[in-house]
Amino acid sequence: MKIGYPCINRTVQCSGNKTFRLRSYSRERLIRAIGNNLDCLERVLRFNIEHGILFFRITSDLVPFASHPVCKVNWQGIFKERFRQLGDLIKAHGLRISMHPDQFIVLNSPDEGVLRRSIAELEYQACVLDLMGLDGSAKIQLHVGGVYGDKAGAMARFIRRWRGLSRSLRRRLVIENDEKNYGIDDCLFISRKTGAPVLFDAFHYRLYGGLGDLALVMADIQKTWGAKDGLPMVDYSSQKKGARPGAHAQSIDRKDFLRFLEATRPFDFDMMLEIKDKERSALMALKLIHKNRCPGQPMQV
DNA sequence: TCTGGTCAAGGTGGT
DNA sequence: ACCACCTTGACCAGA
């Protein structure tokens, strides 16, 4: 089991997702930002390696405006060597990498324009992972999308659209359950139709109203991940106390985390902690796992 | 130098 | 029809 956190490191003094307003776009500025972001990414990866954090989500902002029409720069060519070096670092230390496009990327939108922009963004993210020379275990996680008042129709459209995607995208896309539209059963259904692995978001599962035995869910999830996909990826978070349901906790809730480990115990997977204090909680999680998940030892919950 | 309104992009749900 | 929310940091104009 590898533990990870998304996109930002609060210890390393370096912002690796520097972007800027569209209004201040220029070729020079873009190239400077990409260079900075790649340097920061390397520093964060090295921090992670030093601390045994072997799972990391790379920000969508690594190359600002990469899928926007304003971007005419051949960043793939200019930074080819830098991407390759980063990929070598990742592979040399056995790091697991994921990416997660944000809310604007909707594969099942009825709007062709939204679809076109979504595919462009997904292609960009796949391109980053390809330039790094990463294998099919580096994934891009995507929600099913909107419902549009016709869930069955919207799911069918997702499946149709998925089938039209390029091979390089299909090998990387995984489907993640969300908190109100598409639950694990919906994702499993789509997975059967497409062959896409299902990424289990344990926090969304609970918000969606999932009460089932986590071990049973994990058993279903695990089957969707083939040999080339690597271990299943799981997103974990806990509820911020006193906040709107769905708000991510500031730091890891040890009891809840240990309960989750216990509930999923027979399964091996890589876990992304979506918790606000990022690497701090990842380090705490590693400690807790080390203390509690050694074979033959009872859990101390 | 500091501050707070604003930022490419979509969808849902409340009014 | 319109607006707040999701979720977040950081850009950047104006003080």
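Lettering of chains follows the sequences in order, A, B, ..., and the numbering in each one begins at 1.
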Checklist entry - Quick one: Tyr148(A) OH to dG10(B) P, roughly how many Å, whole number? => result 10 Å
Next on the checklist: Measure CG/Asp102(A) against C1'/dC7(B) and give the value in whole Å, please.
Outcome noted: 12 Å
Checklist entry - Nearest of dG10(B), dA9(B), dC12(C) to any side-chain atom of Phe20(A)? => result dC12(C)
Next on the checklist: Can you classify the ring geometry of His204(A) versus His143(A) as parallel (below 30°), tilted (30 to 60°) or perpendicular (above 60°)?
Outcome noted: tilted
Item to check | Nucleotide nearest Lys180(A) when distance is taken to its side chain, options dT8(C), dA8(B), dG13(B) | outcome: dG13(B)
Next on the checklist: Any base atoms under 4.0 Å from Ser118(A), or only sugar-phosphate, or nothing? Heavy atoms, all strands.
Outcome noted: nothing
Next on the checklist: Just N and O in the side chain of Arg10(A): are any of them under 4.0 Å from OP1 or OP2 of dT8(C)?
Outcome noted: no
Checklist entry - Quick one: which of dT8(C), dC12(C), dA8(B) gets closest to the side chain of Phe65(A)? => result dA8(B)
Checklist entry - Between Ala196(A) and Ser191(A), what is the shortest heavy-atom contact and its length? => result O-OG, 2.6 Å
Checklist entry - Applying a 3.5 Å limit to both distances, which nucleotide forms a Watson-Crick or G-U wobble pair with dC7(B)? => result dG9(C)
Next on the checklist: Closest approach to the side chain of Glu121(A), judged atom by atom: which nucleotide of dG10(B), dT12(B), dA9(B) is it?
Outcome noted: dA9(B)
Next on the checklist: What is the separation between atom CZ on Arg23(A) and atom P on dT6(B), rounded to the nearest whole Å?
Outcome noted: 12 Å
Item to check | Criterion side chain to side chain contact (heavy atoms under 4.5 Å, CB included) on Met1(A) and Ile3(A), from CA distance to verdict | outcome: CA-CA 7 Å; Met1(A) 173 183 285; Ile3(A) 294 292; 4.1 Å; yes
Item to check | Whether Phe104(A) stacks on the six-membered ring of dA9(B) base, 5.5 Å and 30° limits | outcome: yes
Checklist entry - Hey, which of Glu121(A), Gln125(A), His100(A) is the one that makes side chain to side chain donor-acceptor pair (under 3.5 Å) with Ser60(A)? => result Gln125(A)
Checklist entry - Considering Watson-Crick and G-U wobble pairs with both distances under 3.5 Å, what does dT1(B) pair with? => result dA15(C)
